[in-house]
Amino acid sequence: MMISGLRVLFIAAEAAPLVKVGGLADVAGSLPRALQALPIEITGAKGIDVRVVLPFHGAIDRTNLNFRPVAAFTISHASGPIPGQVFETKVNGFTVYLVSGPPIMPEAPIYTSDAGVDGIKYTFFSLAALEFVRATNWSPHILHAHDWHTSPAVYALSLNRNHSSFFAHTATLLTVHNLPYLGVGAQSALQDYGLPPDYKGLLPEWARQMPLPLGLLSADHINAVSETYAQEMMTPEFGSGLDGFLRTRQDSISGILNGLDMQSWDPQTDKAIPVNFSTDTLVERKENKMRLQAELSMGPNPRIPLLAMITRMDHQKGVDLAVEGLRQIAHLPWRAVILGTGDPQLETMARDLAAEHPTKVHVITRFDGDLARRIYAGADMILVPSRYEPCGLTQMIGMRYGCVPVVRAVGGLKDTVGEYGDGEGTGFLFAEANPAVFADAVSRALDVYSDQRRWRGLQLRGMQQDFSWKQSAVKYFELYQQLATDRVGV
Ligand code: ADP
């Protein structure tokens, strides 16, 4: 049975291009459009109606935004009812709903480092999103929530379903983009908004009133942003203490890889790179390498391999492993450029390496989107030694730009990069999060690099991969259908 005219309530803390901090914004900005663009052979004649709801953050630029109020209501709170309002707007032709109310303070950043503070805002937002569809009498087949910020909506809906017909046929899907962010500190916010702890005691005791664990407990289905990460979440190494609980839900856990915005990331049209190129004109790519070397004040040298890292400076990303690993193979012929900002200690580690090897290593500690593009277009290898990686975009962007990935075999890295072999594969993988093992993978890559014919094959295979959202949108659509159908049968 297929449900025609599927209605999906899609709620997230951020969505590009309106408001972006990290990868979640790319997903919430791209997936709803990709779903809406699916052909009617897949969706049926009535298509799919995806309503994206976001907090009306102060960071959202109001200057050229036309928005109109569409709903007003109150949300219960221990200190008395809190008013909420929803505005409708269009972003590049796509309708988006913005929730405002006192807990979504205009001057507050999108995220602070304190989930206690953010919990007040996001619990309000989660409950307001549910109230919004009720107030407009738009009953969704699917509630699709993301990460801890919108998990309270999943939990509240599951509690509500028993005594309200409005959500009786709404199935819930919770997507995990980053498991370790559980929303620790938001316990009292949940309580103040009337959300009880897991009184059945199915969660570990410490997690019974935390947003993400409660979402994981109550969602009809859980998915991670790659198949491997979905499996890894159920292991002690990656499970953030919830692996045991997640194993009890393994039949309701799956993975769907994030897509890449293939228009924005296209070496044929990218305006930030000196010379555009494609698989047909790959030889022209080396001009980008020469220009990049000049920009970084490295002497021009087309032959010496240029390694790159473009990353948040975070323990997750294995910056320390890379620095130590490169130090171990400093005697080999290579140069490296590291672009990243974040943890000051990791920034210092990278700068120390550059100080030890000033002619080999160049470090830039800022966020620079255009420079990142010039690096993808000019460097020979992109290094991604992550400790864990739910999906990861850098390796996909690298492949699309002919910059061969050297990655740790975890999460989405493992699902998108194939190990080089004679005439096959798109990059190099290593297993252990250990500098020597990383260095060994880089050495293997350097070996293959020395044979330009084999290297070109690697680059071309990477550039030909299809990382578009279309395939993932089909998978989400099929999952929505299955969940909605199962719910009707409940
Ligand atoms: P995460 O979302 O965990 O940071 P991803 O690999 O999914 O990791 O996405 C990282 C994105 O951020 C990529 O597009 C990468 O190019 C970009 N990026 C990371 N650090 C920088 C930086 N310092 N300057 C420019 N772009 C960066």
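Both counts, for ligands and for their atoms, begin at 1 and track the order of listing. In this text, all values refer to a predicted model and were calculated from it rather than measured experimentally.
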Using a 6.0 Å distance limit plus a 45 degree cone around the ring axis, check whether Arg62 lies over the aromatic ring of Phe56. yes
Among Phe124, Tyr122, Phe125, find the residue that satisfies the side chain to side chain contact (heavy atoms under 4.5 Å, CB included) test when tested with Pro103.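 It is Phe124, the one option of Phe124, Tyr122, Phe125 that forms the side chain to side chain contact (heavy atoms under 4.5 Å, CB included) with Pro103.
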Val417 pairs by side chain to side chain contact (heavy atoms under 4.5 Å, CB included) with which of Arg408, Met396, Met399? Met399
List, ordered by chain and residue number, the protein residues whose closest non-hydrogen atom lies under 4.0 Å from any atom of ligand 1.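 Lining ligand 1: Gly23, Trp265, Ile310, Thr311, Arg312, Lys317, Leu339, Gly340, Arg366, Phe367, Asp368, Gly369, Ala372, Tyr376, Gly392, Leu393, Thr394, Ile397.
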Rounded distance (nearest 0.5 Å) linking atom CG of Leu371 with atom CD1 of Ile364: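 Here the interatomic distance stands at 5.0 Å.
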Got a sec: does the NZ of Lys470 have more than 12 other heavy atoms crowding it under 6.0 Å?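 Check fails, neighbour count at 12 or below.
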Under a 4.0 Å N-O cut-off, is there an ion pair linking Lys475 with Glu478? no
